[in-house]
Engineer: 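This is the structure I have questions about; it appears just below.
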2 protein chains.
Amino acid sequence: MTMMQRDDGADDMPDLWAGAVDLGALGRSLGFALRRAQAAVAEDFAARFGPEDIRPIQFALLTVLRHNPGLRQTQVSFALGVKRTNFVPLLDELTGRGLAERRQVPGDRRAAALFLTRDGAALLDRLEGLARAHEARFAARIGAADYATLLGLLHRVADRALDEG
Amino acid sequence: MTMMQRDDGADDMPDLWAGAVDLGALGRSLGFALRRAQAAVAEDFAARFGPEDIRPIQFALLTVLRHNPGLRQTQVSFALGVKRTNFVPLLDELTGRGLAERRQVPGDRRAAALFLTRDGAALLDRLEGLARAHEARFAARIGAADYATLLGLLHRVADRALDEG
DNA sequence: TATTGTTATACTCTATAACTATA
DNA sequence: TATAGTTATAGAGTATAACAATA
């Protein structure tokens, strides 16, 4: 129950103490609510995928490659919301670990088509089990119906209408 | 309508192209949905608060100081979900700009009590108008009722039950 | 001994500019 | 001229370890 720090270096960030503080308008801030939810989800993800040494964006990349073998680098980076310039080292790490690979594109010698390797596919098989448990945790926390509602609302927030600024 | 890059350095990360790619299980991933929503909200925040040179966490800090004058550094950092070690330079920047200040605590010479300065309060008055417009944009995007629902669901995701791992 | 604030440091994420080799 | 991928770099965000002053 105590929210004290562990002796030395390692802090923790107790969401529990926050209750004692008046957050004012932050309580009605979408950005702040997203931040808190992100932290909770990221913590659970790290606990499950950490032993496999896989971060969220890496899992997302492997998943996109499985469902879209042969996509160009730029297409994948855009789908993930990662600038193509930052995508390079991200992909490099996975290719370096033998999980993904670049292949030449017949018609265009500039382009690289991306594929999962056999090892990458095998790893992803295992990761998908972790992912299901990860999602299930939050579905259980707020209820399956609200979980589905939440996913839909988040995507509606992200999918800006074309007539908006 | 084109999602081409602007000539040179500046990429953009078109969420629109993502539709052409099969995201597979990512479509049912809470973390990925949070990431997309975060990006949309952060973009709007930056457009509005950028001219004031205020980032989300800085606005959050100013807001907490207004509603809780005299709190200790550690309490504020915990309320914001920022480790106290990372909180130091964050607060330093605001005190350096004359927006917040540390004061001595009578009973404890280790501690620092935090307050908004007059300038900080004046700035926050203006920022709160920007914040209202910022929130209103997303309330309008998905509807006021769904916006309220979304806020509630996000906080339920973050507020872990005590009997959970 | 424990806590408050602090420094130093490292790693990840994100962003811009500019380059190369192709087209 | 424009595009695909790349490099270099800088700014934030976040993490751990360890210290001084004080309790």
Side-chain angles (χ1 to χ4, degrees), chain A residues 2-13 17 31 34-35 38-39 42-43 45-47 49-50 53-58 60-61 71-78 80-95 101-114, chain B residues 2-13 17 31 34-35 38-39 42-43 45-46 49-50 53-61 71-78 80-93 95 102-114:
Chain A
T2 72
M3 290 314 311
M4 308 296 102
Q5 287 84 21
R6 271 169 266 113
D7 203 327
D8 219 350
D11 290 67
D12 27 19
M13 312 187 320
W17 269 36
L34 286 167
R35 177 190 169 88
Q38 269 267 20
E43 182 187 355
F45 188 100
F49 290 74
D53 198 17
I54 289 289
R55 281 164 285 136
I57 192 62
Q58 296 173 319
L61 172 49
L71 274 192
R72 312 301 187 74
Q73 240 176 259
T74 299
Q75 292 179 294
V76 176
S77 74
F78 279 5
L80 295 178
V82 174
K83 292 193 186 299
R84 69 193 202 288
T85 188
N86 294 325
F87 187 79
V88 175
L90 169 62
L91 179 61
D92 281 348
E93 194 190 332
L94 293 190
T95 60
E101 61 179 359
R102 294 174 170 93
R103 290 191 207 154
Q104 273 215 353
V105 172
D108 189 338
R109 289 199 300 174
R110 296 171 301 181
L114 304 188
Chain B
T2 72
M3 290 315 310
M4 310 295 103
Q5 287 83 22
R6 271 169 268 112
D7 203 328
D8 221 349
D11 289 67
D12 26 21
M13 311 188 320
W17 270 35
L34 285 167
R35 175 190 169 87
Q38 270 267 19
E43 182 186 356
F45 188 99
F49 290 75
D53 198 16
I54 290 289
R55 281 164 288 133
I57 192 63
Q58 296 173 320
F59 174 67
L61 172 49
L71 274 192
R72 312 300 187 75
Q73 241 176 256
T74 298
Q75 292 180 295
V76 176
S77 75
F78 280 5
L80 295 178
V82 174
K83 292 191 186 301
R84 70 194 202 287
T85 186
N86 295 324
F87 186 79
V88 175
L90 169 61
L91 178 62
D92 282 347
E93 194 190 332
T95 59
R102 294 172 169 94
R103 290 191 207 152
Q104 273 215 355
V105 172
D108 189 338
R109 288 199 300 173
R110 297 170 302 180
L114 304 189

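When reading the values below, keep in mind they use all heavy atoms of this one structure, side chains included, and skip hydrogens, waters and symmetry mates. Chain A is the first sequence line, chain B the second, and so forth, proteins listed ahead of strands; every chain is numbered from 1.
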Engineer: Please compare A:Ile57 and A:Asp108 by the position of their nearest nucleotide in DNA chain C and report the one closer to 5'.
Structural biologist: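 Between the two, 5'-proximity favours A:Ile57.
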Engineer: Answer yes or no: does a side-chain N or O of B:Gln75 lie under 4.0 Å from OP1 or OP2 of C:dT4?
Structural biologist: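 Checking C:dT4 against B:Gln75, no side-chain N or O comes under 4.0 Å of OP1 or OP2.
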Engineer: If you define the side chain from C-beta out and look only at heavy atoms, does anything of B:Val88 sit under 4.5 Å from B:Asp92?
Structural biologist: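 Yes. Closest side-chain heavy atoms under 4.5 Å.
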Engineer: Whether the side chain of A:Arg110 and the base of D:dT3 hold a donor-acceptor pair under 3.5 Å is what I'd like checked.
Structural biologist: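 Answer yes: a donor N or O sits under 3.5 Å from an acceptor.
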Engineer: Taking atom types as modelled, is there a side-chain donor on B:Gln104 or B:Arg109 under 3.5 Å from an acceptor on the other?
Structural biologist: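 No, no side-chain donor-acceptor contact under 3.5 Å.
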Engineer: Starting from P on D:dT14, measure out to CD on A:Glu43 and report it in whole angstrom.
Structural biologist: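 From A:Glu43 CD to D:dT14 P: 14 Å.
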Engineer: Tell me the interatomic distance from B:Asp92, atom CG, to C:dA8, atom C1', rounded to whole angstroms.
Structural biologist: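 Computing the B:Asp92:CG to C:dA8:C1' distance gives 14 Å.
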Engineer: Nearest whole Å is fine: how far is D:dT7 P from A:Phe87 CZ?
Structural biologist: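 From A:Phe87 CZ to D:dT7 P: 14 Å.
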Engineer: For a 4.5 angstrom cut-off between non-hydrogen side-chain atoms, does A:Arg35 reach B:Ile57?
Structural biologist: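 Result yes, sub-4.5 Å side-chain heavy-atom pair found.
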Engineer: I'd like to know if B:Thr85 reaches the base of D:dA15 with its side chain such that a donor and an acceptor end up less than 3.5 angstrom apart.
Structural biologist: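 Between D:dA15 and B:Thr85, which were checked side chain against base, a qualifying N/O pair under 3.5 Å is absent.
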Engineer: Please figure out whether B:Pro89 or A:Gly107 has its closest DNA chain C nucleotide nearer the 5' end.
Structural biologist: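 Comparing both residues, the 5'-ward one is B:Pro89.
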Engineer: Is the backbone of A:Leu90 close enough, under 3.5 Å, to the side chain of A:Glu93 for a donor and an acceptor to pair up by distance?
Structural biologist: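 It does not hold such a pair.
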Engineer: With a cut-off of less than 4.0 Å, is there a side-chain N or O of A:Arg55 near OP1 or OP2 of C:dC13?
Structural biologist: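 Yes, A:Arg55 has a side-chain N/O under 4.0 Å of OP1/OP2 on C:dC13.
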Engineer: If you find the nucleotide of DNA chain D closest to A:Val88 and the one closest to A:Arg35, which residue's nucleotide is nearer the 5' end?
Structural biologist: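 Upstream on the strand: A:Val88.
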Engineer: Please tell me which of the listed nucleotides, D:dG5, D:dA23, D:dG13, lies nearest to the side chain of A:Gln73?
Structural biologist: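 Given the options D:dG5, D:dA23, D:dG13, the side chain of A:Gln73 is closest to D:dG5.
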Engineer: Compare all side-chain heavy atoms of B:Phe87 with those of B:Leu114 and state whether any distance is below 4.5 angstrom.
Structural biologist: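 Sidechains of B:Leu114 and B:Phe87: in contact.
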Engineer: Describe, as an angle rounded to 10 degrees, how the axis at the first end of the helix from C:dT1-D:dA23 to C:dA23-D:dT1 is tilted relative to the axis at the last end, five pairs per end.
Structural biologist: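 Rounded to the nearest 10 degrees, the bend comes out at 10°.
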Engineer: Side-chain N or O of B:Arg84 versus OP1/OP2 of D:dT16: is the shortest distance under 4.0 Å?
Structural biologist: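 B:Arg84 to D:dT16 OP1/OP2: no side-chain N or O under 4.0 Å.
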Engineer: When you get a sec, tell me which of D:dT16, C:dT6, D:dG5 is the closest nucleotide to the side chain of B:Lys83?
Structural biologist: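 The closest nucleotide is D:dT16.
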Engineer: Does a donor on one side chain and an acceptor on the other come within less than 3.5 Å for B:Arg102 and B:Gln73?
Structural biologist: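 Distance-only check passes for B:Arg102 and B:Gln73.
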Engineer: With a 4.0 Å limit, can you tell me whether B:Arg102 has a side-chain N or O closer than that to the phosphate oxygens OP1/OP2 of C:dT6?
Structural biologist: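 The answer is yes; a side-chain N or O of B:Arg102 sits under 4.0 Å from OP1 or OP2.
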Engineer: Does the D:dA15 base have a donor-acceptor partner in the side chain of B:Asn86 within less than 3.5 Å?
Structural biologist: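 Flag set: donor-acceptor pair detected.
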Engineer: Counting side-chain heavy atoms from CB outward, which of C:dT22, D:dT7, D:dT22 is closest to A:Arg109?
Structural biologist: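 Among the listed nucleotides, the one closest to the side chain of A:Arg109 is C:dT22.
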Engineer: Quickly work out the A:Leu91 CG to C:dC13 P distance and round it to whole Å.
Structural biologist: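 Distance check: A:Leu91 CG to C:dC13 P gives 14 Å.
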Engineer: With a 4.5 Å limit on heavy-atom distance, are the side chains of A:Gln58 and A:Asp53 in contact?
Structural biologist: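 SC-SC contact between A:Gln58 and A:Asp53 ruled out.
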Engineer: If you find the nucleotide of DNA chain D closest to A:Ala113 and the one closest to B:Pro56, which residue's nucleotide is nearer the 5' end?
Structural biologist: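 Comparing both residues, the 5'-ward one is A:Ala113.
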Engineer: Atom CD of A:Gln104 and atom C1' of C:dA21: how far apart are they, to the nearest Å?
Structural biologist: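 Between C1' of C:dA21 and CD of A:Gln104: 12 Å.
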